[in-house]
Structures are given as structure tokens and as C-alpha cells.
Amino acid sequence: MRECRRTATPPRIRIERLLDDADRRSALYDETFWSLRERPKSMPAVWLYDERGSLLFEQITRLPEYYLTRSEREILVGRAAEIAARTGAETLVELGSGTSEKTTLLLDALAAAGTLERFVPVDVSEEVLRASAQAIAARYERVGVHAIVGDFERHLAAVPAGGRRLVAFLGSTIGNLQPARRADLLAAIAATLEPGDAFLLGVDLVKDRARLEAAYHDSAGVTETFVRNGLVVVNRVLRADFDQTLLAFTPYWDAEHEWMDIGFTARAAHVVRVEELESIVSLAAGERLRLEVSAKFRRDGIARELAAVGLHLTAWWTDRRHDFALLLATRSPDGGPR
Ligand code: SAH
Ligand code: AVI
């Protein structure tokens, strides 16, 4: 009789959907309604990340002007082994994981160190998350992948506990949150961390205006297409009638807030209907419609923000040009704010 040996194919991929259409509607529609009444008028950046938006963002990461991804990759190439040794992580959690392209550097290092057991990517963009979860599971045969289709501002409690965890938040996506929401998210991340866990955060650094503005107004026009796609999505999903020809793409460096303000300026006064929100938005000539901010950081400032939520900076690395930083943080020994 032939020996019947079971091949090792455990159910290694689990996709947990925390964002169904009803949930997406109630949170996002509400936020959109109110943000269109703020000054300046704005819309939640989550609208930028439908499937097309995620693909466009991937193109952005390869633009000559968009140094962020290359700089962060350079740091990871140099430091991934050290991060693996310092953290000894069994689980790598990644917030806003997207394609998880750079993340393979961390996964490789943790696998080489012999500690990696599980990868937990969290993203709102379901199609991209599914594809990257499959690719990672195929590449790392011994690693379980528990992907969470969710909002990192609302669903951190779903991140599985246990083992030593490294929570990574790469790409300076933290900069897409305004300061109050950033503080809330950092506090929620701090509250999630157990003793022995670590937080790895990528932040883009303050630099001269010309390089920043070029990074968000590239000569090929990919960033403009990416941001305009946010309006296409809103027109489709919220049955709105934003007229692209009446809106000029005008990203600029706001030196007071130290963020890139990414959005449009109305070329003429006009009115926009948003049927799903049962609302009408009036834009005056020259009025701003913001789709996103992208804050830039300084070491002291981000260290203070971390300390305020009880996180303690344990390492700070930059690329050769000091454009971007990757930092490691853990819960402060007393567990509370310092
Ligand atoms: N981490 C990747 C991708 C950055 S793009 C990198 O460094 O290149 C930002 C990612 O965050 C996108 O994949 C987007 O879908 C996701 N994202 C944006 N807001 C989110 C939210 N509130 N919750 C979960 N994911 C979010
Ligand atoms: C995802 N995030 C960090 C990007 C950024 O640089 O703020 C989003 C982006 N918007 C326009 N270009 C890139």
C-alpha cells in the first residue's frame, strides 16, 4: 500500500472583511458631508484609493520626483536585518499595506532571522490587499497571512494578539492624517502594543519647497490623475457632478502647517450637486477644495508626538540625503505618556 502522507498546506491565507458596503457608507458619507462644510472645503483622502487609485499610487512611487518610496527602500535595505534582530518579531502587522512591495525587505529579514510566523496586512483597498496577500503567501511558504480589509483608524482592535509583534506603518501615510487624527491613531497604536511589541514608522522629512512641490506635481501628471481620480470616484459613488474642467490642480507647500496641501482651486464660481448626500456645494472663484494633506516631519516633533501617547523612540534612521526617516518605538517603560 502506498504511504499516504499529508502535504503541508495549512489554510495559510485568511481575508477578514471589516468594511462592508453599509459600513463604508455610514462612516465615509458622514465624514464627506461634514468635510465639504469645513474651511477650506475638503474630502476624505480614502476616496483616492479605489482600485484605479491604488494602481496610480503605485505609478507615483516610481516617478523621478517622488523620492519618498526610494528613500524609505534605501533605509530598509540597510536596516531590515537590524530591525529583525532588535524586534525578534513573529508577527509583522502592516497598516495601509497597499502592495506591500517594500515590506518584503522586512519579511525577508524576519524570515532569515527565523522568527517570522505571520503577516497581517490592513488596508481599505480590498482588491490590492487580496492580490498582495496571495503574493506574500506564495513567496513565504511557512508564513500565515491574515489580511484585514479595514480602516486603520477604526479597526485596530481586530489585529490578532499574541507573539512578538512588529507593527509597521510605512510610506509616511501617517502624514495624510491631520494632527488631531494623527494623535488619535498613534494613541490607538500605542494601546494595541503589548510589552515586547514594537512600532516601525516611516516619515517624510521637512525639506525645501521646490522638491516637495515637485514630488506632488510631477511633470508626467500622474499625481494629478491620481487626485482627479478621487473626484471621479466621488462622482460615481455619491452621484456628484464635480466638473474637472472647473477645477485646477494646485498642490502647494503650506510652510505654517508643514504639510503639502493637495487639491484644487475653482477656476470660476460654480455649484456641485452631491445626490447621495442630498447636498449642494457652492465653490467661489479661487476657492480651495482639498483632497489630502501630506505632513512632513522633524525628529523632535514626531518624538514628542510619540511620547505624548506613551511611545519611546528607540531608533532613528535616515537615507543618505536625509529626506526620509524610519523610526522604531516601543511602549515607554511605565506604559503611560511621558
Ligand atoms: N504602505 C505602502 C502604501 C502607501 S499608500 C507604501 O508605503 O508604499 C497608502 C495606503 O494606505 C493605500 O494602500 C490605502 O488604500 C491605504 N489607506 C489609506 N487610508 C486608510 C485607512 N484609513 N485605513 C486603511 N488603509 C488606508
Ligand atoms: C500614501 N501617501 C503617503 C502619499 C503621500 O505622499 O502623501 C499619497 C500621495 N498623494 C499624492 N502623491 C502621493
Side-chain angles (χ1 to χ4, degrees), residues 12-19 45-77 79-80 83-84 89 91-111 116 118-141 143-153 155 159 166-177 200-204 215-216 218 220 222-223 225-227 229-230 233 262 292 294 319 324 326:
R12 287 191 306 109
I13 305 187
R14 176 170 168 214
I15 312 251
E16 190 176 3
R17 281 183 92 227
L18 300 178
L19 272 179
V46 174
W47 290 116
L48 299 171
Y49 295 99
D50 71 333
E51 191 174 5
R52 178 164 183 255
S54 297
L55 293 173
L56 284 163
F57 177 72
E58 222 187 311
Q59 286 182 35
I60 288 176
T61 63
R62 291 193 286 271
L63 292 169
E65 295 95 334
Y66 196 77
Y67 57 86
L68 287 81
T69 310
R70 280 186 299 279
S71 307
E72 190 176 41
R73 165 176 280 281
E74 180 191 316
I75 305 170
L76 283 167
V77 166
R79 301 294 180 174
I83 293 166
T91 296
L92 176 63
V93 178
E94 185 178 16
L95 308 179
S97 48
T99 59
S100 291
E101 208 259 322
K102 279 169 291 174
T103 317
T104 54
L105 293 163
L106 284 173
L107 290 165
D108 284 348
L110 290 166
L116 183 66
R118 182 167 55 174
F119 179 50
V120 182
V122 180
D123 205 289
V124 280
S125 192
E126 182 165 355
E127 297 84 357
V128 174
L129 183 66
R130 279 184 183 276
S132 65
Q134 302 282 354
I136 300 270
R139 181 173 167 146
Y140 303 92
E141 289 184 346
V143 175
V145 178
H146 177 167
I148 300 177
V149 183
D151 180 339
F152 51 57
E153 290 189 82
H155 297 131
V159 170
L166 172 61
V167 178
F169 195 17
L170 303 179
S172 204
T173 301
I174 186 89
N176 297 131
L177 297 174
L200 181 70
L201 178 65
V203 288
D204 192 19
Y216 293 87
D218 60 279
V222 182
T223 307
T225 306
F226 168 73
V227 182
N229 182 59
V233 175
I262 303 162
E292 186 184 45
S294 188
D319 60 301
F324 200 95
L326 204 55

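The residues of the chain are indexed from 1 along the displayed sequence. Computed from a predicted model, the values in this text were never measured in an experiment.
- Here the CZ atom belonging to Phe119 is positioned 10.5 Å from the CG atom belonging to Leu166, to the nearest 0.5 angstrom.
- Residue Gly230 comes nearest to Leu48 through the heavy atom pair CA-CD2, 3.9 Å, listed as atom of the first residue, atom of the second, then distance.
- Interatomic distance, Leu177 CG to Glu292 CD, rounded to the nearest 0.5 Å: 10.0 Å.
- Residues that satisfy the salt bridge (Lys or Arg N to Asp or Glu O under 4.0 Å) test with Arg73, not counting sequence neighbours, are Glu101.
- The closest side-chain heavy-atom distance from Glu16 to Val149 is not below 4.5 Å.
- When all heavy atoms of Val233 and Trp47 are compared, the closest pair comes out as CG1-CE3, 3.7 Å.
- For Asp218, there are no salt bridge (Lys or Arg N to Asp or Glu O under 4.0 Å) partners two or more places apart in sequence or in a different chain.
- The closest side-chain heavy-atom distance from Phe324 to Val203 is not below 4.5 Å.
- Remark: side-chain polar atoms of Arg12 are paired, donor with acceptor, to backbone N or O of Val143 under 3.5 angstrom.
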| request: Could you check Arg79 against Asp319 for salt bridge (charged side-chain N to carboxylate O under 4.0 Å, His left out), going step by step and ending with a plain yes or no? | output: CA-CA 10 Å; Arg79 301 294 180 174; Asp319 60 301; over 6 Å; no
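- A distance of 9.5 Å separates CG of Leu201 from CG of Leu95, quoted to the nearest 0.5 Å.
- Qualifying side-chain contact (heavy atoms from CB on, under 4.5 Å) partners for Glu51, counting only residues two or more places apart in sequence or in other chains: Glu127.
- In this structure the side chain of Thr225 reaches within 4.5 angstrom of the side chain of Arg52, judged on heavy atoms.
- Remark: Ser54 OG to Asn229 CG distance equals 9.5 Å, nearest 0.5 Å.
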| task | Could you give me the CA-CA distance, side-chain angles and deciding distance for Thr91 and Val167, then say whether side-chain contact (heavy atoms from CB on, under 4.5 Å) is met? | result | CA-CA 8 Å; Thr91 296; Val167 178; over 6 Å; no
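- For Tyr49, the ring-ring contact (aromatic ring centres under 6.0 Å, His included) partners two or more places apart in sequence, or in a different chain, are Phe226.
- Contact record, Ser294 with Tyr216: OG-OH, 3.1 Å, taken as the closest heavy-atom pair.
- A pairwise comparison of heavy atoms in Pro121 and Leu129 identifies CB-CD1, 3.6 Å as the closest pair.
- Contact check for Gln59 versus Leu56: side-chain heavy atoms found under the 4.5 Å cut-off.
- Minimum heavy-atom separation, Leu116 to Ala111: CB-N, 3.9 Å.
- For the residue pair Thr99 / Ser132, no side-chain donor-acceptor distance below 3.5 Å is found, with atom types taken as modelled.
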| Verdict with reasoning, Leu107 to Tyr140, per side-chain contact (heavy atoms from CB on, under 4.5 Å) | CA-CA 8 Å; Leu107 290 165; Tyr140 303 92; 3.4 Å; yes
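- Counting only heavy atoms from C-beta outward, the side chains of Thr173 and Phe152 approach each other to under 4.5 Å.
- The salt bridge (Lys or Arg N to Asp or Glu O under 4.0 Å) test applied to Glu126 returns Arg17, Arg130, not counting sequence neighbours.
- Annotation: salt bridge (Lys or Arg N to Asp or Glu O under 4.0 Å) contacts of Glu72 (sequence neighbours excluded): Lys102.
- Looking only at distances, a side-chain donor or acceptor of Arg70 sits under 3.5 Å from a matching main-chain atom of Leu63.
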| Check against side-chain contact (heavy atoms from CB on, under 4.5 Å), Val120 and Leu92 | CA-CA 6 Å; Val120 182; Leu92 176 63; over 6 Å; no
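- Atoms CG and CG, on Leu170 and Leu326 in that order, are 6.5 Å from each other to the nearest 0.5 Å.
- Looking at Leu19 and His155, their side chains come closer than 4.5 Å, going by heavy atoms from C-beta outward.
- Taking every heavy atom of both residues into account, Asp123 and Ser97 meet most closely at OD2-N, 3.1 Å.
- Side-chain contact, Thr61 with Tyr66: no donor N or O sits under 3.5 Å from an acceptor N or O.
- Counting only heavy atoms from C-beta outward, the side chains of Leu106 and Leu200 approach each other to under 4.5 Å.
- Taken from CD1 in Ile136 to OG1 in Thr104, the straight-line distance is 6.5 Å, to the nearest 0.5 Å.
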